[in-house]
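Working notes, beginning with the structure itself.
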Amino acid sequence: MKRFAVATIALAALGGAGAAAFLHSTSLSTSQATVETLPSLASLDAQQGASAAPDAWGDIEKAADPVERRLVNLGRGDTLMQVLLDADVPQPHAQEAVAALKAVYDPRRMKSGQPVEVMFDRTSGEDRFVGFEFQPAVERSVSVSFNGIRFQAAETAKKLGRRAVAAQGEIRSSLFESGRAAGVPMTVLTELIRNYSYDVDFQRDIQPGDRFEVLYEQVVTEDGEVVAGGGGNILYASLTLSGKEQAIYRYEDSQGIAEFFNAQGSSIRKALLKTPIDGARLSSGFGMRRHPVLGYSKMHKGVDFAAPTGTPIYSAGAGVVDEVGPKGAYGNYIRIRHNNEISTAYAHMSRFGAGMRKGARVAQGDVIGYVGTTGRSTGAHLHYEIVKAGQQVNPLSVAVPTGRNLDGKELARFKGVVASLQQRFEAGGDQAADGIGLVSAVPKAAKPSKASCDRKRGC
């Protein structure tokens with residue numbers, strides 16, 4: 001009642017012609033409306049106080065809006081058609097609107113809980129359905145509207161950008177779990193683990209109390225909403241293992257080639273990954289051992305990594321598939337030739353990766369198969385071998401070639417990038433631009449659940 005009274009006073013203060021101009025201005029652009037009403041608003045401020053005019057403007061504008069928006073949600077098992085009917089949309093109009101939607105979006109893809117704004121025109125005194133809109137993803141919205149003749153659908157994509165986000169935390173059980181607790185996306189953690197796999201054995205080298213830091217890109221819309229699955233590049237990362245820090249920096253050279261380097265400007269990339277599998281436990285080393293199936297001592301010419309069936313297995317390096325298929329006690333087996341001297345072999349797989357055939361080329365980190373227990377095996381694990389000059393060697397101790405080292409102008413430019421990335425991390429990412437600060441691996445408190453909405457009349 002108080003806000004309505006303020007609006008009435010505003011119209012009275014403007015006078016007859018002024019009131020007409022005031023109401024007319026609601027259909028103009030913001031700049032036009034401001035020009036037409038500034039003198040009257042100033043007069044109103046002098047008589048009623050600084051807040052009266054804005055309140056009056058908001059009430060009049062709201063009252064003049066002919067469109068009512070009802071927010072409804074798809075329930076479990078609901079169809080869009082049923083939701084529209086429950087919102088009092090006439091069946092013929094609902095059918096026409098859903099049919100129009102199919103030109104840009106399949107309504108069967110809508111998930112339970114999807115909010116939908118259903119719009120009604122109230123100018124005739126009755127609620128006339130004029131369309132609906134929803135946002136299937138933060139980066140785009142879909143709408144259906146009546147143009148006076150028929151319903152038409154449109155899809156609008158939002159502009160996307162990138163911002164840097166910093167995260168850090170203490171590793172209590174595993175890097176993956178601690179990273180997830182700090183809000184680091186799974187895609188970023190996977191890349192982080194893969195890049196450190198050249199030098200870090202994630203089963204044996206990481207201990208409780210070790211720490212991690214990471215500065216990574218986040219894909220966002222222009223209004224700051226995070227795009228699901230939109231993790232960008234890692235820019236900087238550091239693992240402090242048993243008191244020793246290992247930092248890596250993403251650097252794009254003058255030729256446009258991006259790679260990770262340590263603080264000295266040496267590429268972290270090596271010919272072979274130290275471990276070709278994530279999160280596995282080293283269950284058997286290289287050398288003589290009592291065979292678990294045969295029952296007598298036998299040379300174990302590789303290392304075993306215990307992991308659940310179906311765990312992805314990566315190619316330890318770039319190369320060509322020399323052999324793929326069942327191989328006796330090895331079960332499902334792949335051997336990859338990396339150069340004239342070094343090959344790697346993978347055994348006991350449950351199945352092979354897509355495109356694995358003799359002669360196929362693979363890149364370092366490609367999924368070549370999945371953990372299983374085929375062949376002579378007592379449980380799910382990967383048997384991994386490195387063959388050098390025709391002989392199996394210990395994968396955990398063999399020396400492998402490293403990547404390039406930066407020098408000259410390239411090294412000087414890299415040092416500048418390192419300093420910039422360290423400053424951005426210490427500032428919490430792009431804090432000045434978007435207010436995101438440094439986060440840590442402390443679990444967030446659960447948010448209170450929102451009150452449920454009425455499907456028919458909305459929230």
Side-chain angles (χ1 to χ4, degrees), residues 26-30 61-62 64-124 126-163 165 185-188 217-233 354 434 450-459:
T26 60
S27 64
L28 301 174
S29 67
T30 303
E61 186 177 41
K62 182 176 180 181
D65 186 359
V67 177
E68 177 190 353
R69 295 173 178 267
R70 300 176 187 169
L71 182 63
V72 296
N73 294 317
L74 264 72
R76 186 183 299 274
D78 280 350
T79 63
L80 176 60
M81 175 67 70
Q82 185 60 51
V83 168
L84 293 178
L85 294 176
D86 287 346
D88 290 339
V89 176
Q91 184 169 349
H93 296 168
Q95 289 175 337
E96 291 177 28
V98 172
L101 172 65
K102 293 178 181 178
V104 299
Y105 188 86
D106 185 352
R108 293 175 298 181
R109 292 167 53 195
M110 297 178 72
K111 298 178 180 178
S112 174
Q114 171 71 62
V116 180
E117 276 194 345
V118 186
M119 295 170 285
F120 295 87
D121 188 340
R122 302 176 301 180
T123 53
S124 63
E126 296 181 0
D127 291 346
R128 184 169 61 89
F129 172 63
V130 291
F132 62 86
E133 61 184 36
F134 63 96
Q135 194 170 309
V138 295
E139 69 271 21
R140 70 185 193 279
S141 61
V142 176
S143 64
V144 173
S145 58
F146 187 67
N147 64 4
I149 300 174
R150 62 182 180 273
F151 286 96
Q152 288 185 322
E155 184 173 22
T156 304
K158 296 184 180 181
K159 292 181 180 179
L160 300 181
R162 292 173 184 263
R163 64 183 175 192
V165 180
M186 190 176 299
T187 53
V188 173
E217 293 176 323
Q218 196 176 59
V219 180
V220 294
T221 63
E222 54 190 341
D223 49 4
E225 291 184 276
V226 179
V227 176
N233 296 312
D434 53 43
K450 296 181 180 180
S452 58
C453 298
D454 180 82
R455 284 175 48 194
K456 189 171 183 178
R457 289 294 176 183
C459 297

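Only a predicted model underlies this, so the values are computations on that prediction, with no experimental measurement involved.
How far CZ of Arg69 is from CD of Glu117: 5.0 Å, rounded to the nearest 0.5 Å. Remark: Gln91 CD to Met81 CE distance equals 7.0 Å, nearest 0.5 Å. Separation of atoms CZ (Arg163) and CD (Glu217) is listed at 12.0 Å; rounding is to 0.5 Å. Expressed to the nearest 0.5 Å, how far CE of Met110 lies from CZ of Phe134 amounts to 4.0 Å. Leu80 CG to Asp106 CG: the interatomic distance, rounded to the nearest 0.5 Å, is 11.0 Å.
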Val98/Leu84 under side chain to side chain contact (heavy atoms under 4.5 Å, CB included): CA gap, chis, key distance, verdict: CA-CA 9 Å; Val98 172; Leu84 293 178; 3.9 Å; yes
Working note: Arg70 + Asp127, criterion side chain to side chain contact (heavy atoms under 4.5 Å, CB included); need CA distance, chi angles, decisive distance, verdict. CA-CA 11 Å; Arg70 300 176 187 169; Asp127 291 346; 2.5 Å; yes
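Closest approach of Pro136 and Tyr105 over heavy atoms only: CB-OH, 3.7 Å. In terms of heavy atoms, Gln135 sits closest to Arg140 at CG-O, 3.1 Å. When every heavy atom of Ala153 is checked against every heavy atom of Val144, the shortest pair comes out as CB-CG2, 3.9 Å. Nearest heavy-atom pair across Thr123 and Pro66 is CG2-CB, 3.2 Å.
When side chains are defined from C-beta on, Pro107 counts as touching Lys102, because their heavy atoms get closer than 4.5 Å. Side-chain atoms of Val89 and Val118, non-hydrogen and from C-beta on, do get closer than 4.5 Å to each other. Put simply, the side chain of Ser112 does not reach to within 4.5 Å of the side chain of Leu74, judged on heavy atoms. Put simply, the side chain of Met119 reaches to within 4.5 Å of the side chain of Glu133, judged on heavy atoms.
Partners of Phe146 by ring-ring contact (aromatic ring centres under 6.0 Å, His included), not counting sequence neighbours, listed by chain and number: Phe151.
The side-chain contact (heavy atoms from CB on, under 4.5 Å) test with Phe132 singles out one residue from Leu101, Val142, Val83, and that residue is Leu101.
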